[in-house]
Protein chains: 4
Amino acid sequence: MECSLDTKPRWERRKDARPQELLAAAIDLFVERGFASTRLEDVARRAGVSKGTLYLYFENKEELFKAVVRNSIVPVIGDAESSVAEFDGHSAELLRSVMMGWWDRIGAHKVSGIIKLVTAESGNFPELAAFYQEEVINRGTRMISSMLERGIARGEFRPVNVTQVTQVLIAPMLMLVTWKHSVGPCEQGSLEPLAFLDAFLDIALHGLLPGTGATQSTAA
Amino acid sequence: MECSLDTKPRWERRKDARPQELLAAAIDLFVERGFASTRLEDVARRAGVSKGTLYLYFENKEELFKAVVRNSIVPVIGDAESSVAEFDGHSAELLRSVMMGWWDRIGAHKVSGIIKLVTAESGNFPELAAFYQEEVINRGTRMISSMLERGIARGEFRPVNVTQVTQVLIAPMLMLVTWKHSVGPCEQGSLEPLAFLDAFLDIALHGLLPGTGATQSTAA
Amino acid sequence: MECSLDTKPRWERRKDARPQELLAAAIDLFVERGFASTRLEDVARRAGVSKGTLYLYFENKEELFKAVVRNSIVPVIGDAESSVAEFDGHSAELLRSVMMGWWDRIGAHKVSGIIKLVTAESGNFPELAAFYQEEVINRGTRMISSMLERGIARGEFRPVNVTQVTQVLIAPMLMLVTWKHSVGPCEQGSLEPLAFLDAFLDIALHGLLPGTGATQSTAA
Amino acid sequence: MECSLDTKPRWERRKDARPQELLAAAIDLFVERGFASTRLEDVARRAGVSKGTLYLYFENKEELFKAVVRNSIVPVIGDAESSVAEFDGHSAELLRSVMMGWWDRIGAHKVSGIIKLVTAESGNFPELAAFYQEEVINRGTRMISSMLERGIARGEFRPVNVTQVTQVLIAPMLMLVTWKHSVGPCEQGSLEPLAFLDAFLDIALHGLLPGTGATQSTAA
DNA sequence: GATGAATGAGACTTCATTCAT
DNA sequence: GATGAATGAAGTCTCATTCAT
């Protein structure tokens, strides 16, 4: 009876799998070579299809890239947003769990290369930059800001400048991916990411707790 | 008396200035557009010469880039090395002055874009990466490591894992340039670099001083 | 009783209708975009079938075009040939009725776009040109020539150079379709086709009647 | 002394000649194959240069085409405008001389293929159509209309609807080029252009003269 | 030294046609 | 019959590099 659930002929199942195969090939090559230097022919070849086939599924190179982002990063943001909405403990715990979770779900994986790629090339591809800003940066920023506001509202954080602190919190994540995809591979053993994040959080959260005398609005 | 300092006729001074004019044009465009996307024709035009002339002074695009690096970053490293060698105060002071000096001499200027460029594109240009590793990263790393070793030897720092701590110290500088040349331009007001470095140094130096109970070898 | 005229089940009627649906879609697009620029995928989509299905009915793009011509222009020529054969009035009347009928049956309709298309693109598609020459131009030319010969034989026309006068008579029709499908859409109100044809016929027939002193062999 | 007039080295003279060589090759191929079907590589090869060279002189295919039009048709229009402005005989004579001159300067030459090309393909290249409309059609139309207005103002023509009569006068020219570049090559001996124009002018001018009882506003 | 014309490999994208299901 | 996924040749345009003058 188990075959009754899939009545599609094989080639059709193949078709359903194609976009994923292409996206998998694309993320590999985008991460490896960047956006501009990745040739669509290589993406196609790695997915085991011809150049033209790629265009059956993606309108052009930029759309392929957007699809990669939508497929790899955006869902993780959605999950994180849900977690944030449901969480009901101390805001410091929430912040810590989100940032450590970011490393587990994004930072440690290939997909982190996409973040590095965007910082590296967005200047040359404005439409891509705009898309990424909208779909990733804005949502991520809103999420972090909302955690800060939650903490302030509940009296768990000092009333800091939310915009600035948000960016300070983004900084170490940006650094980790930059490091990982540039100097990291040339260096051995250095910069243990989890320890780094842990240390960063110790400092940052300490600066956010109420009652401490920090006066800098950025709280770093 | 005005001619005593330079007895060459004007056109010859012009000729001698060519490489500098080309390097100035090149750094502008490399920083603005990255290595691969910068067209040599644009470099030549900005320097007010023809494309062919560029090849009289630089063998090819990669050599031009190397010359830009040698011209802009390497001297600053040399100066810093001298300062380190001559310094005779407390190692924590030395470390602080080198990193704040890095911001004044490099981070705050256009040339910081070269650092970002290398992190962004070295994957696609191995020879460039090797050159930069040799001329900049290795020397910079050695310099920082030597400061740490000096501090340890003089009993001013705890005996930490020098290699790892070196990279931890590099990290905030890398972050600042990455930020400045990617998300920075899209955000307003955030991440005041000097405050950020100051805060970082407070923490890092605190972790390096002897007598504090930190046990993590990365000391971050 | 409703089924007595068509005993086939609906899907079979549908199947029989396929070629016509495809031809209808094809003529629309050929007229709109020309031969080379019409994509078979668009033809198929407009007919509501897949690209592959189109190839079940037509060997390739050229055969599809030939079928369009056979389906739309050729029958009209056949009808005209019959009319000519049966007509027994004055040859001038015959000529006039054929040309005005051409406007009613072809010139005023979408199918006139096919004529324009052929003049526009036959240079790039020799096989198409040969087919059209054979199926349309030769037959049309023969028909017009035969009317002239009839008129001369019956003493209703002067003995003119039939070949040349035939082409002079074709010219205004060619002009009308060219105009209609190129500059026409950009201009308002101008060139009323029926008035134009009428005026042309007045002149041409006047030149063909015996007893007038015209000496030019083209009789225009 | 004859060499004193040209002090340029040969390659520079070559450079000056390049655009003309390319335009000559381009007009040949555009006329032969149309706009869409002409490959830039073929244009380059015919001019004896490589593909890339073409792009040194013309930004893209459309600009090349515009340059061809500017180079071949536009000057003739300018000349005609001057002739019209200077003419001081009877308007009928002026009209006749302009239309016969059009045949001598344009209709009889390769460049007439450009006119046919535009009627054939403008639907698929709106920017091209707009350019041609502006640079050729509008100017040509204005010129013809001005002749009609001149004739009416001087009492040499009846007060007709200028817009419509202008288009009627354009029609035979359009027909001649259409014929010449489509069916013409397949037919022998037919449609003697000068005789055709002559006959057309006889009729049209007769219809324009005052005192004749024609009542149709288009005067055809 | 200086020029800038010329090259040609290589990238993206399109579309008629085929064929396994 | 019907589908639509897959192919790959072909076309436009870019740009690092060369070289005759």
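Every chain is numbered from 1 and lettered A, B, ... according to where its sequence line falls, protein lines coming before strand lines.
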Restricting to non-hydrogen atoms, name the atom on B:Leu29 and the atom on B:Thr38 that form the minimum distance, rounded to 0.1 Å. O-OG1, 3.1 Å
When you get a sec, tell me which of F:dT3, E:dT7, F:dG8 is the closest nucleotide to the side chain of D:Leu56? E:dT7
Could you state the OH-C1' distance from B:Tyr57 to F:dT18, rounded to the nearest angstrom? 18 Å
Side chain of A:Ser50 only, please: which of E:dT7, F:dT3, F:dG8 is the nearest? F:dG8
Without decimals, in angstroms, what is the distance between C:Arg33 CZ and E:dT14 C1'? 14 Å
Which is it for C:Tyr57 and C:Leu64 under the side chain to side chain contact (heavy atoms under 4.5 Å, CB included) test, yes or no, and what are the steps along the way? CA-CA 8 Å; C:Tyr57 295 98; C:Leu64 172 63; over 6 Å; no
Quick one: is E:dG1 close enough that its OP1 or OP2 comes under 4.0 Å of any side-chain N or O from B:Arg18? no
Interatomic distance, B:Arg45 CZ vs E:dA2 P [rounded to whole Å]: 19 Å
Quick one: A:Phe58 CZ to E:dT14 C1', roughly how many Å, whole number? 18 Å
Option from D:Glu127, D:Glu59, D:Glu135 for which side-chain hydrogen bond (donor to acceptor under 3.5 Å, both in side chains) with D:Lys66 holds: D:Glu127
Can you confirm whether B:Glu63 is buried at CD, in the sense that more than 12 heavy atoms of other residues, nucleotides or ligands lie under 6.0 Å from that atom? yes
Please report the distance, rounded to the nearest Å, between CG in C:Leu54 and P in F:dT3. 11 Å
Rounding to an integer number of Å, can you tell me how far C:Leu29 CG sits from E:dC15 C1'? 15 Å
My understanding is that only residues two or more places apart in sequence, or in another chain, count here; which of them pass ring-ring contact (aromatic ring centres under 6.0 Å, His included) with B:Phe125? B:Phe35
According to the Watson-Crick and G-U wobble definitions, with both distances under 3.5 Å, which nucleotide is paired to F:dC15? E:dG8
note: D:Glu63, atom CD; F:dC13, atom P; distance rounded to Å ~ 10 Å
Report the base-pairing partner of F:dT21 (Watson-Crick or G-U wobble, both distances below 3.5 angstrom), or none. E:dA2
Could you tell me the separation between the CZ atom of A:Phe125 and the C1' atom of E:dC12, rounded to a whole number of Å? 12 Å
Every protein N/O lying under 3.5 Å from an N/O of nucleotides 14-17 of chain F:
residue, atom, partner, partner atom, Å
F:dC15, OP2, B:Arg39, NH1, 3.1
F:dA16, OP1, B:Thr38, O, 3.3
F:dA16, OP1, B:Lys61, NZ, 3.2
F:dA16, OP2, B:Leu40, N, 3.0
F:dT17, OP2, B:Tyr55, OH, 3.1
F:dT17, OP2, B:Lys61, N, 3.1
F:dT17, O5', B:Tyr55, OH, 3.4
F:dT17, O4, B:Lys51, NZ, 2.9

All heavy atoms of B:Leu22 vs all of B:Ala44, minimum pair found to be CD2-CA, 4.5 Å
Salt-bridge criterion met for D:Glu41 and D:Arg46 (N-O under 4.0 Å): no
